[in-house]
Asks: 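Starting off with a structure, shown below.
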Amino acid sequence: MNEFFVQNTEAIQKILSAYPAGNKRPAVMPLLYLAQRTNGFIQKKTLDEIAEILEITPTEVASIVGFYTLYHDEPGGRYHLQVCTDLPCALRGADRFLQDLCDNLGIKVGETTADGLITIEEVKCLAGCHHAPLFQVQGDGDISYHEDQTVDAAMQLIAELKKKAAEREGTNA
Amino acid sequence: MSAYILYRHRDIPNLNQLDVYQKNGGFEAIKKAIKTMSPAAVLNEVKDSGLRGRGGAGFPTGMKWSFLPGNLWPHYVVANADESEPGTFKDREILESNPFQFLEGLMLAAYAVQANDAYIYLRGEFWQIARRLDTCIEELYAEGLLGDKLFGTKYSLRLHTHLGAGAYICGEETALLESIEGHLGQPRLRPPFPATFGLFGKPTVINNVETLTNLPPIIEKGAAWFKTLGTEKSPGVKIFSLSGCVNKPGNYELPLGTTFRELIFTHGGGIPDGRTIKAIMSAGASSVIVPADDRALDTPMDYESTQANLNAPLGSASVIILDDSVNMAWLVNKTVHFFRHESCGKCTPCREGTYWMSHLTRRIAAGEAAPDDIDLLNIVARQMQGKCLCALGEFSTMAVTSGIEKFRADFEKLVNH
């Protein structure tokens, strides 16, 4: 079997065991998450390997990656900072918050900071309307919520994320 | 003891820990059910309680369960934890702070329909919640509360979490099933309904998190107790997610039949900055926009009254408050863009309709529209109504047509300048 399977055999078998025997396809979403946690995004090679494990075509796996917004098939920033601007949040200043945050970072919505660490994105409802403005941070295989935000608080968090990334680079080197 | 039925964690610290939950009566209902009640008796108790689905449709829960055929096996139960409606944030609090009551409810539903496997479908953003639920489930296996031959009977039950990955449409129950099966989250044509052809082609019950969390107290205290709460046709309590232009946004657990006025002004602390209330959306971004006159404010929030008085479904009871600074054409542009983004693309009326509506609402909101664009927008929305494959497409038009009907001046102000 392929490299992705060899490296994650135990985790993959546990995922497959949650679904009826002989039906592997339901594991496609959990396996894509597994791949994304490992590499930060889903590489073409891993996509092909997942298709092989589940006995479906790479096109079918790619269609899942394309349909669902939490999967990334490009590297992007290390941390995706995703601000909700739907109606209830907008009524509490989320549009303004997003604009001010981007201005502070000197980038536009959808862009990544020059050091490649922070990508700012606009997303749909995060089920935290009573704590707007809020955003989630996707990165390092995790998703965390940050509620009742101000630009100052967000900039402080970004500084912490950058510090964390620098420390990790240090230990890896 | 707690004054709450669903949000008991607000009175009982650390209720999200198994020992604390058990010390406060946790898992007594499932023990009672499996040891002393037949599955049919559990189903009948829930039917008698009058509990209705809290996800939005308000369909009687016990009746939904009774549709599963007894000659097709296995049966599955799926918990819908895909909470994604703008303005809805009630299930997240249950999952984070009172997860065992939800899990016990899911177990009761599974026992009632004799399912041996149940799935919890969570939106992908609830990643951390799913990890915590996995830990809770592991603890239940270790305690003998899940697994094979429960409490010395022949009944076995396994629970599994399955994460979505950012698609509002997966809250629609057949799209949710498609998503678990590893397909694009696109609704199925019905019939057949999930009760006969659901998950993996088998009979399936799909219930909302809040619905399931009601089950342990119903089994423990009985249907008669449950019916003392709420109204005759809408018994029980409901969690109202209050958001928008209000002093104290948040989740409020109140009896069904509480008026909008009490929710907004007594519990929610009224409207900030000395402004006046202009309109209400009772079911999140999917709602019609209701002018907040006395008649609306004094309407009891239950499944019948909001529909009868305001021609607006109560839905998931996600009440968004709009004050007099909000222009409804701006609002409609927001909701339409949400639905355009979330349309799954399967049926033409929704895919094309939300696309063209979004062009018109953007032009209007930006002050670039021609006077005819308001009527054109209305025509596009009405063309969609009754023609979409699922409720998402239908819901995308609700704010549009009601907004133009009740607040046309807001649109004209942006067009005629």
Side-chain angles (χ1 to χ4, degrees), chain A residues 14-15 17-20 22-33 36-37 50 54 56 60-61 63-72 82 84-92 94-95 122-132 134-138 141-145 147-148, chain B residues 74 83-92 117 119 123-128 131 158 160-168 170 179-186 200 202 241-245 248-251 281 284-285 318 320-323 326 330-331 334-335 337-338 341-342 344-345 399:
Chain A
K14 188 163 183 233
I15 289 167
S17 74
Y19 306 101
N23 190 350
K24 293 182 178 176
R25 184 166 181 142
V28 64
M29 291 178 73
L31 289 193
L32 285 168
Y33 274 125
Q36 189 158 289
R37 274 207 305 284
I50 289 173
L54 301 179
I56 55 180
E60 287 174 294
V61 181
S63 73
I64 300 293
V65 176
F67 184 86
Y68 294 96
T69 57
L70 290 180
Y71 296 126
H72 305 287
Q82 301 171 320
C84 172
T85 56
D86 269 327
L87 176 62
C89 284
L91 290 169
R92 302 184 77 82
D95 286 317
E122 191 175 8
V123 292
K124 298 300 167 191
C125 186
L126 296 173
C129 324
H130 53 328
H131 291 301
L134 82 155
F135 56 82
Q136 62 179 358
V137 177
Q138 266 199 80
D142 199 4
I143 296 177
S144 59
Y145 272 59
E147 300 180 312
D148 299 311
Chain B
E83 181 162 71
S84 306
E85 177 71 35
T88 309
F89 41 87
K90 64 189 178 63
D91 294 339
R92 196 180 135 208
D117 285 279
Y119 292 86
R123 60 179 298 176
E125 291 83 353
F126 288 175
W127 171 267
Q128 292 184 340
R131 293 288 77 79
R158 293 165 295 273
H160 316 277
T161 58
H162 185 106
L163 276 170
Y168 167 79
C170 290
S179 184
I180 296 183
E181 291 183 12
H183 296 279
L184 306 188
Q186 293 183 318
F200 310 126
K202 302 296 179 189
S241 294
L242 182 64
S243 69
C245 310
K248 291 191 277 181
N251 286 313
M281 295 176 87
S318 319
I320 304 175
I321 307 304
L322 309 157
D323 72 19
V326 179
W330 169 86
L331 180 153
K334 273 279 173 196
T335 61
H337 273 81
F338 172 81
H341 184 268
E342 298 299 344
C344 80

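Basis for what follows: all heavy atoms, side chains included, without hydrogens, waters or symmetry-related copies. Letters go in sequence order (proteins before strands), and every chain restarts at 1.
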Asks: Side chain, backbone, both or neither: which part of B:Thr335 has an atom under 4.5 Å from a heavy atom of chain A?
Replies: side chain
Asks: Counting only heavy atoms closer than 4.5 Å, note whether B:Arg123 contacts chain A via side chain, backbone, both or neither.
Replies: side chain
Asks: How close do B:Ser84 and A:Cys125 get, heavy atom to heavy atom, and via which atoms?
Replies: O-CB, 3.7 Å
Asks: Using heavy-atom distances under 4.5 Å, tell me whether B:Ser179 contacts chain A through its side chain, its backbone, both, or neither.
Replies: both
Asks: Counting heavy-atom pairs under 4.5 Å to chain A, which of B:Arg131, B:Glu342, B:Lys90, B:His162 comes out on top?
Replies: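 The option with the most such pairs is B:His162.
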Asks: Would you say B:Lys334 and A:Asp95 make side-chain contact, with heavy atoms under 4.5 Å?
Replies: yes
Asks: Which atoms of B:Leu322 come close to chain A, meaning under 4.5 Å heavy atom to heavy atom: side chain ones, backbone ones, both, or neither?
Replies: side chain
Asks: B:Ile320 versus chain A, heavy atoms under 4.5 Å apart: side chain, backbone, both or neither?
Replies: side chain
Asks: B:His337 and A:Lys124: which non-hydrogen atoms are nearest, and at how many Å?
Replies: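 Shortest heavy-atom contact: O-NZ, 3.9 Å.
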Asks: Considering all heavy atoms of both residues, which atom of B:Pro86 and which atom of A:Cys129 are nearest to each other, and what is their separation?
Replies: C-SG, 4.4 Å
Asks: Once side chain to side chain contact (heavy atoms under 4.5 Å, CB included) is applied, do any residues pair with B:Ala165, and if so which ones, sequence neighbours excluded?
Replies: A:Met29, A:Tyr33, A:Tyr68, A:Leu70, A:Tyr71
Asks: So which of A:Pro30, A:Ser63, A:Pro20 has the largest heavy-atom pair count under 4.5 angstrom toward chain B?
Replies: A:Pro20
Asks: Non-hydrogen atoms of chain A under 4.5 Å away: do they reach the side chain of B:Cys170, the backbone, both or neither?
Replies: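 Just its side chain gets close to chain A.
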Asks: Using the ring centroid of each side chain, check whether A:Tyr19 and B:His160 are separated by less than 6.0 Å.
Replies: no
Asks: Closest approach of B:Phe338 and A:Asp86, non-hydrogen atoms and distance?
Replies: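 What the structure gives for the nearest pair is CD1-OD2, 3.1 Å.
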Asks: Do the non-hydrogen side-chain atoms of B:Gln186 and A:Phe67 ever get within less than 4.5 Å of each other?
Replies: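 The answer is yes, as the side chains (C-beta and beyond) meet within the 4.5 Å cut-off.
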Asks: Measuring heavy-atom distances to chain B, does A:Arg92 have an atom under 4.5 Å in its side chain, in its backbone, in both, or in neither?
Replies: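 Just the side chain, heavy atoms under 4.5 Å.
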